[in-house]
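Take a look at the structure below.
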Amino acid sequence: MQDKVKKTDSGIPIQKVYTATDMPQAISGDELPGSYPYTRGVQADMYRGKLWTMRQYAGFSTAEESNQRYHFLLSQGVMGLSVAFDLPTQIGYDADHSLSEGEVGKVGVSIGSLADMEILFKDIPLDKISTSMTINSTSFILLAFYVALAKKRGIDLQQLSGTIQNDILKEYAARGTYIYPPKPSMRIITDIFEYCSTHLPKWNSISISGYHIREAGSTAVQEIAFTLSNGKAYVKAALDKGLDINVFGKRLSFFFNAHNNLFEEVAKFRAARKMWAQIMKDLGATDEKAMMLRFHTQTGGATLTAQQPLNNISRVTVQTIAAVLGGTQSLHTNGFDEALGLPTQEAASIALRTQQIVAFESGIADTADPLAGSYFVENLTNEMEQKALELIQQIDEMGGSVTAIETGFMQNKIAESAYAYQKNIESKEKIIVGVNQFTTQDKNDIPILKIDEHIRTQQIEKLQTLKSSRNTEKVKASLAAIKEAAMGTTNLMPIVIEAVENLCTLGEIADTLRSVYGEYQS
(Lines give C-alpha, C1' and ligand atoms only; values in the text may rest on other atoms or scores of the structure.)
Protein backbone atom coordinates (compact mmCIF):
# COMPACT_ATOMS: atom_id res chain seq x y z
CA MET A 1 0.00 0.00 0.00
CA GLN A 2 1.43 3.35 -1.11
CA ASP A 3 1.90 6.05 1.54
CA LYS A 4 -0.31 9.09 1.23
CA VAL A 5 1.57 12.29 0.33
CA LYS A 6 1.79 14.57 3.35
CA LYS A 7 1.63 18.34 2.83
CA THR A 8 1.90 21.44 4.99
CA ASP A 9 -1.18 23.65 5.34
CA SER A 10 0.20 25.73 2.44
CA GLY A 11 0.23 22.63 0.24
CA ILE A 12 4.01 22.11 0.27
CA PRO A 13 4.78 18.37 -0.05
CA ILE A 14 6.65 16.85 2.92
CA GLN A 15 9.19 14.08 2.32
CA LYS A 16 9.38 11.02 4.59
CA VAL A 17 12.89 11.99 5.62
CA TYR A 18 15.30 14.85 4.93
CA THR A 19 19.07 14.54 4.56
CA ALA A 20 22.02 16.84 3.85
CA THR A 21 21.21 16.69 0.13
CA ASP A 22 17.96 18.56 0.86
CA MET A 23 19.73 21.55 2.39
CA PRO A 24 19.34 24.69 0.21
CA GLN A 25 22.60 25.58 -1.54
CA ALA A 26 22.29 29.17 -0.33
CA ILE A 27 22.55 28.11 3.34
CA SER A 28 25.82 29.23 4.85
CA GLY A 29 27.05 27.50 7.98
CA ASP A 30 28.51 30.77 9.28
CA GLU A 31 25.27 32.84 9.17
CA LEU A 32 24.57 34.12 12.66
CA PRO A 33 21.56 35.62 14.44
CA GLY A 34 21.69 39.41 14.44
CA SER A 35 23.41 39.50 11.04
CA TYR A 36 21.99 40.23 7.58
CA PRO A 37 19.68 38.77 6.26
CA TYR A 38 18.46 37.93 9.79
CA THR A 39 17.00 34.53 8.90
CA ARG A 40 18.17 33.34 12.31
CA GLY A 41 16.84 36.31 14.29
CA VAL A 42 17.28 40.04 14.73
CA GLN A 43 19.35 39.85 17.95
CA ALA A 44 22.67 38.09 18.27
CA ASP A 45 21.77 36.41 21.56
CA MET A 46 17.98 36.42 21.07
CA TYR A 47 16.18 35.51 24.32
CA ARG A 48 19.33 35.07 26.40
CA GLY A 49 19.67 38.84 26.23
CA LYS A 50 15.98 39.70 26.61
CA LEU A 51 12.83 37.60 26.51
CA TRP A 52 10.06 38.47 24.10
CA THR A 53 7.51 40.96 25.45
CA MET A 54 4.60 39.04 26.93
CA ARG A 55 1.37 40.81 26.05
CA GLN A 56 -2.25 39.89 26.63
CA TYR A 57 -4.80 41.39 24.27
CA ALA A 58 -7.47 42.92 26.49
CA GLY A 59 -10.19 45.50 26.31
CA PHE A 60 -13.92 45.22 26.83
CA SER A 61 -16.90 47.13 28.13
CA THR A 62 -15.93 50.51 29.60
CA ALA A 63 -12.56 52.12 30.16
CA GLU A 64 -13.02 51.51 33.90
CA GLU A 65 -13.43 47.73 33.52
CA SER A 66 -10.58 47.43 31.03
CA ASN A 67 -8.31 49.41 33.36
CA GLN A 68 -9.00 46.85 36.12
CA ARG A 69 -8.04 43.98 33.77
CA TYR A 70 -4.83 45.80 32.79
CA HIS A 71 -3.80 46.21 36.41
CA PHE A 72 -4.49 42.51 37.01
CA LEU A 73 -2.40 41.46 33.98
CA LEU A 74 0.49 43.74 34.96
CA SER A 75 0.43 42.25 38.47
CA GLN A 76 0.71 38.76 36.92
CA GLY A 77 3.85 39.47 34.89
CA VAL A 78 2.61 40.96 31.61
CA MET A 79 5.37 43.18 30.17
CA GLY A 80 3.24 45.29 27.84
CA LEU A 81 -0.42 46.08 27.24
CA SER A 82 -2.33 45.26 24.07
CA VAL A 83 -5.59 47.17 23.70
CA ALA A 84 -8.69 45.83 21.96
CA PHE A 85 -11.23 48.45 20.85
CA ASP A 86 -14.91 47.94 20.12
CA LEU A 87 -16.25 48.18 16.56
CA PRO A 88 -17.66 51.74 16.83
CA THR A 89 -14.23 52.98 17.97
CA GLN A 90 -12.55 51.06 15.14
CA ILE A 91 -14.72 52.63 12.43
CA GLY A 92 -15.03 56.13 13.82
CA TYR A 93 -18.41 56.34 15.53
CA ASP A 94 -19.16 57.72 18.98
CA ALA A 95 -21.37 55.61 21.25
CA ASP A 96 -24.39 57.82 20.55
CA HIS A 97 -24.32 57.18 16.78
CA SER A 98 -27.18 55.00 15.51
CA LEU A 99 -24.73 52.52 13.94
CA SER A 100 -23.12 51.96 17.35
CA GLU A 101 -26.25 50.36 18.78
CA GLY A 102 -25.62 46.81 19.99
CA GLU A 103 -21.84 47.06 19.54
CA VAL A 104 -20.58 49.39 22.28
CA GLY A 105 -17.99 47.63 24.47
CA LYS A 106 -18.65 44.22 22.88
CA VAL A 107 -15.41 43.14 21.15
CA GLY A 108 -13.21 45.70 22.86
CA VAL A 109 -13.24 48.82 24.97
CA SER A 110 -15.28 51.88 23.96
CA ILE A 111 -13.09 55.00 23.63
CA GLY A 112 -14.60 58.22 22.37
CA SER A 113 -12.59 61.01 23.98
CA LEU A 114 -9.46 62.00 25.88
CA ALA A 115 -11.52 61.58 29.07
CA ASP A 116 -12.04 57.88 28.25
CA MET A 117 -8.32 57.48 27.57
CA GLU A 118 -7.48 58.97 30.97
CA ILE A 119 -9.67 56.36 32.68
CA LEU A 120 -8.31 53.51 30.52
CA PHE A 121 -4.72 54.21 31.63
CA LYS A 122 -5.41 55.40 35.16
CA ASP A 123 -2.39 54.72 37.43
CA ILE A 124 -0.48 53.05 34.56
CA PRO A 125 2.96 54.63 33.90
CA LEU A 126 2.99 55.33 30.16
CA ASP A 127 6.74 55.98 30.19
CA LYS A 128 7.52 52.59 31.76
CA ILE A 129 5.26 50.14 29.90
CA SER A 130 4.79 49.66 26.16
CA THR A 131 1.29 49.83 24.73
CA SER A 132 0.09 48.15 21.57
CA MET A 133 -3.19 49.35 20.08
CA THR A 134 -5.05 47.22 17.56
CA ILE A 135 -6.60 50.06 15.60
CA ASN A 136 -6.42 50.97 11.92
CA SER A 137 -8.75 53.47 10.24
CA THR A 138 -8.91 55.62 13.40
CA SER A 139 -5.33 54.89 14.52
CA PHE A 140 -4.30 58.53 14.16
CA ILE A 141 -7.05 59.58 16.60
CA LEU A 142 -6.18 56.94 19.22
CA LEU A 143 -2.50 57.84 18.94
CA ALA A 144 -3.50 61.50 19.40
CA PHE A 145 -5.42 60.55 22.59
CA TYR A 146 -2.35 58.68 23.89
CA VAL A 147 0.04 61.55 23.11
CA ALA A 148 -2.34 64.13 24.61
CA LEU A 149 -2.63 62.03 27.77
CA ALA A 150 1.16 61.77 28.07
CA LYS A 151 1.51 65.53 27.61
CA LYS A 152 -1.17 66.16 30.23
CA ARG A 153 0.80 64.00 32.69
CA GLY A 154 4.05 65.81 31.87
CA ILE A 155 5.66 62.70 30.33
CA ASP A 156 8.48 63.18 27.83
CA LEU A 157 7.14 61.94 24.48
CA GLN A 158 10.60 60.61 23.67
CA GLN A 159 10.01 57.96 26.36
CA LEU A 160 6.72 56.61 24.98
CA SER A 161 7.05 53.13 23.53
CA GLY A 162 4.47 51.00 21.81
CA THR A 163 2.75 50.29 18.53
CA ILE A 164 -0.35 51.24 16.61
CA GLN A 165 -1.47 48.68 14.06
CA ASN A 166 -2.26 51.39 11.48
CA ASP A 167 -2.32 48.82 8.63
CA ILE A 168 -5.24 49.85 6.42
CA LEU A 169 -4.37 47.75 3.36
CA LYS A 170 -5.11 44.46 5.11
CA GLU A 171 -8.48 45.93 6.17
CA TYR A 172 -9.50 46.22 2.51
CA ALA A 173 -8.10 42.75 1.78
CA ALA A 174 -9.26 40.72 4.76
CA ARG A 175 -10.93 42.41 7.71
CA GLY A 176 -13.22 45.27 6.71
CA THR A 177 -12.84 47.99 9.38
CA TYR A 178 -11.92 50.71 6.90
CA ILE A 179 -13.48 54.15 6.55
CA TYR A 180 -11.77 56.18 3.83
CA PRO A 181 -10.62 55.16 0.32
CA PRO A 182 -7.06 53.79 -0.05
CA LYS A 183 -5.29 56.95 -1.25
CA PRO A 184 -6.35 59.29 1.59
CA SER A 185 -5.84 56.42 4.04
CA MET A 186 -2.25 56.06 2.81
CA ARG A 187 -1.80 59.82 3.22
CA ILE A 188 -2.89 59.59 6.89
CA ILE A 189 -0.47 56.71 7.46
CA THR A 190 2.50 58.58 6.02
CA ASP A 191 1.55 61.62 8.14
CA ILE A 192 1.82 59.31 11.17
CA PHE A 193 5.21 58.02 9.96
CA GLU A 194 6.48 61.59 9.63
CA TYR A 195 5.15 62.69 13.02
CA CYS A 196 6.52 59.65 14.86
CA SER A 197 9.95 59.95 13.19
CA THR A 198 10.30 63.41 14.77
CA HIS A 199 8.37 63.21 18.05
CA LEU A 200 8.05 59.53 19.07
CA PRO A 201 11.41 57.84 18.35
CA LYS A 202 10.55 54.72 20.39
CA TRP A 203 7.08 54.27 18.89
CA ASN A 204 6.35 51.72 16.14
CA SER A 205 4.26 53.75 13.71
CA ILE A 206 2.77 50.71 11.99
CA SER A 207 2.32 46.99 12.60
CA ILE A 208 2.01 45.50 9.14
CA SER A 209 -0.37 42.67 9.78
CA GLY A 210 -0.54 39.19 8.37
CA TYR A 211 -2.59 38.08 11.34
CA HIS A 212 -5.98 39.05 9.94
CA ILE A 213 -5.04 37.84 6.47
CA ARG A 214 -4.46 34.41 8.01
CA GLU A 215 -7.62 34.64 10.11
CA ALA A 216 -9.58 35.30 6.89
CA GLY A 217 -8.38 31.96 5.54
CA SER A 218 -5.05 32.49 3.79
CA THR A 219 -2.25 29.96 3.79
CA ALA A 220 1.03 30.62 5.61
CA VAL A 221 2.70 31.38 2.26
CA GLN A 222 -0.01 33.91 1.37
CA GLU A 223 0.24 35.44 4.84
CA ILE A 224 3.88 36.43 4.39
CA ALA A 225 3.55 37.28 0.68
CA PHE A 226 0.60 39.63 1.10
CA THR A 227 1.95 41.14 4.31
CA LEU A 228 5.39 41.92 2.90
CA SER A 229 3.81 43.22 -0.29
CA ASN A 230 1.68 45.60 1.79
CA GLY A 231 4.85 46.58 3.63
CA LYS A 232 6.49 47.50 0.34
CA ALA A 233 3.52 49.72 -0.49
CA TYR A 234 3.84 51.61 2.81
CA VAL A 235 7.58 52.08 2.36
CA LYS A 236 7.14 53.38 -1.18
CA ALA A 237 4.43 55.80 -0.04
CA ALA A 238 6.75 57.10 2.69
CA LEU A 239 9.60 57.47 0.19
CA ASP A 240 7.30 59.40 -2.16
CA LYS A 241 6.60 61.76 0.76
CA GLY A 242 10.34 62.37 1.07
CA LEU A 243 10.89 60.45 4.32
CA ASP A 244 14.22 58.79 5.10
CA ILE A 245 13.98 55.00 4.86
CA ASN A 246 16.81 54.62 7.38
CA VAL A 247 14.77 56.58 9.93
CA PHE A 248 11.17 55.40 9.49
CA GLY A 249 12.35 51.91 8.49
CA LYS A 250 13.55 51.29 12.05
CA ARG A 251 10.05 51.86 13.43
CA LEU A 252 8.20 49.50 11.10
CA SER A 253 6.97 46.36 12.82
CA PHE A 254 4.99 43.33 11.71
CA PHE A 255 2.21 41.22 13.21
CA PHE A 256 1.92 37.54 12.33
CA ASN A 257 -0.31 34.62 13.20
CA ALA A 258 0.88 31.35 14.72
CA HIS A 259 -1.05 28.24 13.72
CA ASN A 260 -0.72 24.56 14.60
CA ASN A 261 1.59 23.27 11.85
CA LEU A 262 4.68 23.79 14.00
CA PHE A 263 7.50 23.46 11.47
CA GLU A 264 5.71 25.40 8.74
CA GLU A 265 5.14 28.27 11.15
CA VAL A 266 8.80 28.35 12.22
CA ALA A 267 9.89 28.28 8.57
CA LYS A 268 7.41 31.09 7.80
CA PHE A 269 8.92 33.42 10.39
CA ARG A 270 12.49 32.65 9.29
CA ALA A 271 11.64 33.17 5.60
CA ALA A 272 9.81 36.43 6.28
CA ARG A 273 12.85 37.95 8.01
CA LYS A 274 15.14 37.03 5.15
CA MET A 275 12.74 38.33 2.50
CA TRP A 276 12.08 41.66 4.24
CA ALA A 277 15.81 42.35 4.68
CA GLN A 278 16.29 41.95 0.93
CA ILE A 279 13.19 44.04 0.10
CA MET A 280 14.37 46.95 2.29
CA LYS A 281 17.89 46.74 0.86
CA ASP A 282 16.47 46.88 -2.67
CA LEU A 283 14.37 49.94 -1.71
CA GLY A 284 17.48 51.80 -0.56
CA ALA A 285 17.95 51.02 3.14
CA THR A 286 21.58 51.02 4.26
CA ASP A 287 21.13 51.03 8.05
CA GLU A 288 21.02 47.43 9.29
CA LYS A 289 18.26 48.19 11.81
CA ALA A 290 16.05 49.48 8.99
CA MET A 291 16.33 46.08 7.29
CA MET A 292 15.31 44.04 10.34
CA LEU A 293 11.85 42.49 10.41
CA ARG A 294 10.68 42.81 14.01
CA PHE A 295 7.33 41.20 14.71
CA HIS A 296 4.61 40.54 17.23
CA THR A 297 2.80 37.21 17.14
CA GLN A 298 -0.67 36.23 18.27
CA THR A 299 -1.78 32.64 18.49
CA GLY A 300 -4.40 31.66 15.93
CA GLY A 301 -7.88 32.76 16.86
CA ALA A 302 -9.35 30.89 13.90
CA THR A 303 -7.84 27.63 15.17
CA LEU A 304 -9.79 27.74 18.44
CA THR A 305 -12.81 25.49 18.67
CA ALA A 306 -16.07 25.92 20.57
CA GLN A 307 -16.18 22.12 20.83
CA GLN A 308 -14.07 20.77 23.71
CA PRO A 309 -12.67 24.27 24.41
CA LEU A 310 -10.07 23.04 26.93
CA ASN A 311 -8.26 21.45 23.96
CA ASN A 312 -7.43 25.02 22.93
CA ILE A 313 -4.88 25.21 25.76
CA SER A 314 -2.85 22.55 23.91
CA ARG A 315 -3.26 24.35 20.59
CA VAL A 316 -2.12 27.65 22.07
CA THR A 317 0.91 25.90 23.61
CA VAL A 318 1.99 24.48 20.22
CA GLN A 319 1.52 27.92 18.65
CA THR A 320 3.49 29.61 21.44
CA ILE A 321 6.38 27.22 20.86
CA ALA A 322 6.25 27.94 17.11
CA ALA A 323 6.39 31.70 17.68
CA VAL A 324 9.33 31.44 20.09
CA LEU A 325 11.27 28.97 17.92
CA GLY A 326 10.58 31.36 15.04
CA GLY A 327 12.09 34.33 16.88
CA THR A 328 9.16 36.62 17.75
CA GLN A 329 9.77 39.93 19.57
CA SER A 330 6.46 39.92 21.42
CA LEU A 331 3.61 37.49 21.85
CA HIS A 332 -0.04 37.36 22.80
CA THR A 333 -1.58 34.00 23.66
CA ASN A 334 -5.32 33.51 23.23
CA GLY A 335 -7.62 32.34 26.02
CA PHE A 336 -9.04 28.84 25.61
CA ASP A 337 -12.60 30.24 25.72
CA GLU A 338 -12.28 32.79 22.90
CA ALA A 339 -14.30 30.70 20.45
CA LEU A 340 -17.20 31.30 22.85
CA GLY A 341 -16.69 34.93 23.86
CA LEU A 342 -14.21 37.41 25.29
CA PRO A 343 -11.65 35.71 27.57
CA THR A 344 -12.48 35.40 31.24
CA GLN A 345 -9.85 36.34 33.80
CA GLU A 346 -9.08 32.64 34.37
CA ALA A 347 -8.56 31.99 30.65
CA ALA A 348 -6.34 35.08 30.30
CA SER A 349 -4.25 33.89 33.27
CA ILE A 350 -3.75 30.41 31.77
CA ALA A 351 -2.77 31.99 28.43
CA LEU A 352 -0.14 34.14 30.14
CA ARG A 353 1.15 31.21 32.20
CA THR A 354 1.59 29.27 28.93
CA GLN A 355 4.10 31.88 27.77
CA GLN A 356 5.85 31.93 31.13
CA ILE A 357 6.21 28.12 31.21
CA VAL A 358 7.70 28.13 27.70
CA ALA A 359 10.04 30.99 28.70
CA PHE A 360 11.25 29.66 32.02
CA GLU A 361 10.75 25.89 32.00
CA SER A 362 11.05 24.53 28.45
CA GLY A 363 14.65 25.47 27.59
CA ILE A 364 13.52 26.75 24.17
CA ALA A 365 14.73 30.27 24.98
CA ASP A 366 18.24 29.16 25.99
CA THR A 367 19.83 29.42 22.54
CA ALA A 368 19.14 31.46 19.42
CA ASP A 369 17.29 29.80 16.52
CA PRO A 370 17.55 26.26 17.89
CA LEU A 371 16.14 24.64 14.73
CA ALA A 372 18.81 26.15 12.46
CA GLY A 373 20.56 23.46 10.45
CA SER A 374 17.60 21.09 10.57
CA TYR A 375 17.42 19.52 7.12
CA PHE A 376 13.63 19.77 7.19
CA VAL A 377 13.33 23.30 8.58
CA GLU A 378 16.00 24.78 6.31
CA ASN A 379 14.41 23.13 3.27
CA LEU A 380 10.95 24.32 4.30
CA THR A 381 12.22 27.87 4.96
CA ASN A 382 13.58 27.94 1.42
CA GLU A 383 10.32 26.54 -0.03
CA MET A 384 8.25 29.13 1.84
CA GLU A 385 10.50 31.93 0.61
CA GLN A 386 10.36 30.85 -3.04
CA LYS A 387 6.59 30.41 -3.11
CA ALA A 388 5.99 33.73 -1.34
CA LEU A 389 8.36 35.55 -3.72
CA GLU A 390 6.38 34.18 -6.68
CA LEU A 391 3.20 35.72 -5.24
CA ILE A 392 4.93 39.05 -4.53
CA GLN A 393 6.22 39.15 -8.09
CA GLN A 394 2.66 38.68 -9.39
CA ILE A 395 1.52 41.60 -7.21
CA ASP A 396 4.44 43.76 -8.34
CA GLU A 397 3.54 43.09 -11.98
CA MET A 398 0.01 44.38 -11.25
CA GLY A 399 1.42 47.61 -9.85
CA GLY A 400 1.61 46.72 -6.16
CA SER A 401 -0.67 45.94 -3.24
CA VAL A 402 -3.16 48.77 -3.70
CA THR A 403 -3.94 47.60 -7.24
CA ALA A 404 -4.01 43.95 -6.14
CA ILE A 405 -6.59 44.87 -3.50
CA GLU A 406 -8.65 47.15 -5.75
CA THR A 407 -8.90 44.40 -8.39
CA GLY A 408 -9.78 41.78 -5.78
CA PHE A 409 -6.69 39.64 -6.41
CA MET A 410 -5.75 39.24 -2.74
CA GLN A 411 -9.33 38.78 -1.59
CA ASN A 412 -9.95 36.05 -4.18
CA LYS A 413 -6.76 34.16 -3.30
CA ILE A 414 -7.66 34.22 0.39
CA ALA A 415 -11.23 33.10 -0.32
CA GLU A 416 -10.00 30.19 -2.47
CA SER A 417 -7.64 29.04 0.30
CA ALA A 418 -10.33 29.33 2.98
CA TYR A 419 -12.73 27.27 0.83
CA ALA A 420 -10.13 24.57 0.17
CA TYR A 421 -9.27 24.36 3.89
CA GLN A 422 -12.93 23.98 4.87
CA LYS A 423 -13.41 21.27 2.24
CA ASN A 424 -10.44 19.39 3.71
CA ILE A 425 -12.04 19.52 7.16
CA GLU A 426 -15.38 18.30 5.82
CA SER A 427 -13.70 15.40 3.97
CA LYS A 428 -11.52 14.65 7.03
CA GLU A 429 -8.41 15.22 4.93
CA LYS A 430 -7.63 17.66 7.74
CA ILE A 431 -8.35 16.38 11.25
CA ILE A 432 -9.49 18.89 13.88
CA VAL A 433 -9.60 17.12 17.24
CA GLY A 434 -13.03 17.35 18.84
CA VAL A 435 -14.63 18.76 15.66
CA ASN A 436 -14.45 16.13 12.90
CA GLN A 437 -12.71 13.38 14.87
CA PHE A 438 -12.63 12.27 18.52
CA THR A 439 -15.93 14.01 19.23
CA THR A 440 -18.05 13.64 22.36
CA GLN A 441 -21.58 14.52 23.38
CA ASP A 442 -20.45 16.22 26.61
CA LYS A 443 -22.24 19.46 27.39
CA ASN A 444 -20.03 22.56 27.43
CA ASP A 445 -20.26 24.27 30.82
CA ILE A 446 -17.38 26.76 30.35
CA PRO A 447 -18.35 30.13 31.91
CA ILE A 448 -18.61 32.96 29.38
CA LEU A 449 -17.79 36.62 29.97
CA LYS A 450 -20.95 38.62 29.28
CA ILE A 451 -21.01 42.35 28.51
CA ASP A 452 -23.69 44.47 30.19
CA GLU A 453 -26.16 45.84 27.62
CA HIS A 454 -26.27 49.14 29.55
CA ILE A 455 -22.70 50.02 28.54
CA ARG A 456 -23.92 52.14 25.62
CA THR A 457 -26.17 54.19 27.90
CA GLN A 458 -23.24 54.85 30.23
CA GLN A 459 -21.01 55.90 27.35
CA ILE A 460 -23.66 58.24 25.94
CA GLU A 461 -24.04 59.87 29.35
CA LYS A 462 -20.28 60.43 29.49
CA LEU A 463 -20.36 62.02 26.02
CA GLN A 464 -23.18 64.35 27.02
CA THR A 465 -21.30 65.44 30.15
CA LEU A 466 -18.14 66.05 28.11
CA LYS A 467 -19.92 68.09 25.45
CA SER A 468 -21.71 70.24 28.01
CA SER A 469 -18.46 71.16 29.76
CA ARG A 470 -16.10 71.89 26.85
CA ASN A 471 -15.36 75.11 24.96
CA THR A 472 -17.63 74.92 21.90
CA GLU A 473 -15.71 77.58 19.97
CA LYS A 474 -12.43 75.71 20.39
CA VAL A 475 -14.09 72.51 19.19
CA LYS A 476 -15.44 74.22 16.05
CA ALA A 477 -12.07 75.83 15.32
CA SER A 478 -10.25 72.51 15.80
CA LEU A 479 -12.55 70.60 13.45
CA ALA A 480 -12.28 73.37 10.85
CA ALA A 481 -8.47 73.17 11.08
CA ILE A 482 -8.59 69.39 10.53
CA LYS A 483 -10.79 69.85 7.46
CA GLU A 484 -8.45 72.48 6.01
CA ALA A 485 -5.38 70.28 6.61
CA ALA A 486 -7.12 67.26 5.05
CA MET A 487 -7.84 69.26 1.91
CA GLY A 488 -4.19 70.30 1.68
CA THR A 489 -0.85 68.69 2.49
CA THR A 490 -0.22 69.82 6.08
CA ASN A 491 0.56 66.94 8.45
CA LEU A 492 -2.67 66.03 10.24
CA MET A 493 -1.17 64.67 13.47
CA PRO A 494 -0.34 67.90 15.36
CA ILE A 495 -3.76 69.34 14.44
CA VAL A 496 -5.62 66.20 15.57
CA ILE A 497 -3.65 66.16 18.84
CA GLU A 498 -4.69 69.76 19.49
CA ALA A 499 -8.29 68.83 18.65
CA VAL A 500 -8.43 65.99 21.19
CA GLU A 501 -6.84 68.30 23.77
CA ASN A 502 -9.77 70.63 23.07
CA LEU A 503 -12.07 67.62 23.78
CA CYS A 504 -13.20 66.87 20.24
CA THR A 505 -14.53 63.32 20.11
CA LEU A 506 -13.39 60.42 17.97
CA GLY A 507 -16.63 60.48 15.99
CA GLU A 508 -16.43 64.24 15.33
CA ILE A 509 -12.87 63.95 13.99
CA ALA A 510 -13.64 60.86 11.87
CA ASP A 511 -16.77 62.56 10.45
CA THR A 512 -14.78 65.68 9.56
CA LEU A 513 -12.50 63.55 7.40
CA ARG A 514 -15.50 61.69 5.97
CA SER A 515 -16.76 65.05 4.71
CA VAL A 516 -13.47 65.49 2.79
CA TYR A 517 -12.52 61.97 1.72
CA GLY A 518 -15.85 60.14 1.64
CA GLU A 519 -16.18 56.46 2.54
CA TYR A 520 -14.69 53.53 0.68
CA GLN A 521 -17.13 51.22 -1.11
CA SER A 522 -15.66 47.80 -1.88
Pairs where residues 292-307 contributes a residue and the test salt bridge (charged side-chain N to carboxylate O under 4.0 Å, His left out) is met, not counting sequence neighbours = none
Please list all pairs passing the ring-ring contact (aromatic ring centres under 6.0 Å, His included) test where one or both residues lie in residues 326-365, with sequence neighbours left out.
-> Y57-H332
Within the 6.0 Å centroid threshold, strictly below: Y18 and Y375 = no
Tell me yes or no: between the side chains of N136 and Q90, is some donor less than 3.5 Å from an acceptor?
-> no
Any donor-acceptor pair under 3.5 Å linking the side chain of R456 with the backbone of A95?
-> yes
Pairing of D9 and K430 as salt bridge, 4.0 angstrom limit = yes
What are the two closest heavy atoms between S401 and M410, and how far apart are they?
-> OG-CE, 3.3 Å
Taking all non-hydrogen atoms of both residues into account, name the closest pair between G162 and W203 and its distance.
-> N-CE3, 3.4 Å
Partners passing salt bridge (Lys or Arg N to Asp or Glu O under 4.0 Å) against E346 (at least two apart in sequence or in another chain) = none
Set of residues satisfying salt bridge (Lys or Arg N to Asp or Glu O under 4.0 Å) with respect to K387, sequence neighbours excluded = none
Ring center gap for Y520 and Y180 short of 6.0 angstrom | no
Carboxylate-amine/guanidinium contact R353 E361, below 4.0 Å | no
Do the rings of F295 and F256 sit parallel, tilted or perpendicular, given the 30° and 60° boundaries?
-> perpendicular
What's the spacing between M117 CE and F145 CZ if we round to 0.5 Å?
-> 7.5 Å
Does the gap between the ring centers of F254 and W276 come in under 6.0 Å?
-> yes
Residues K462 and E64 bridged, charged N to O under 4.0 Å | yes
Sequence-distant partners of D369, salt bridge (Lys or Arg N to Asp or Glu O under 4.0 Å), two or more places apart = R40, R270
Sequence neighbours excluded, the answer for salt bridge (Lys or Arg N to Asp or Glu O under 4.0 Å) partners of E406 is none
Classify the side-chain pair N436/E426 by whether it contains a donor and acceptor separated by less than 3.5 Å.
-> no
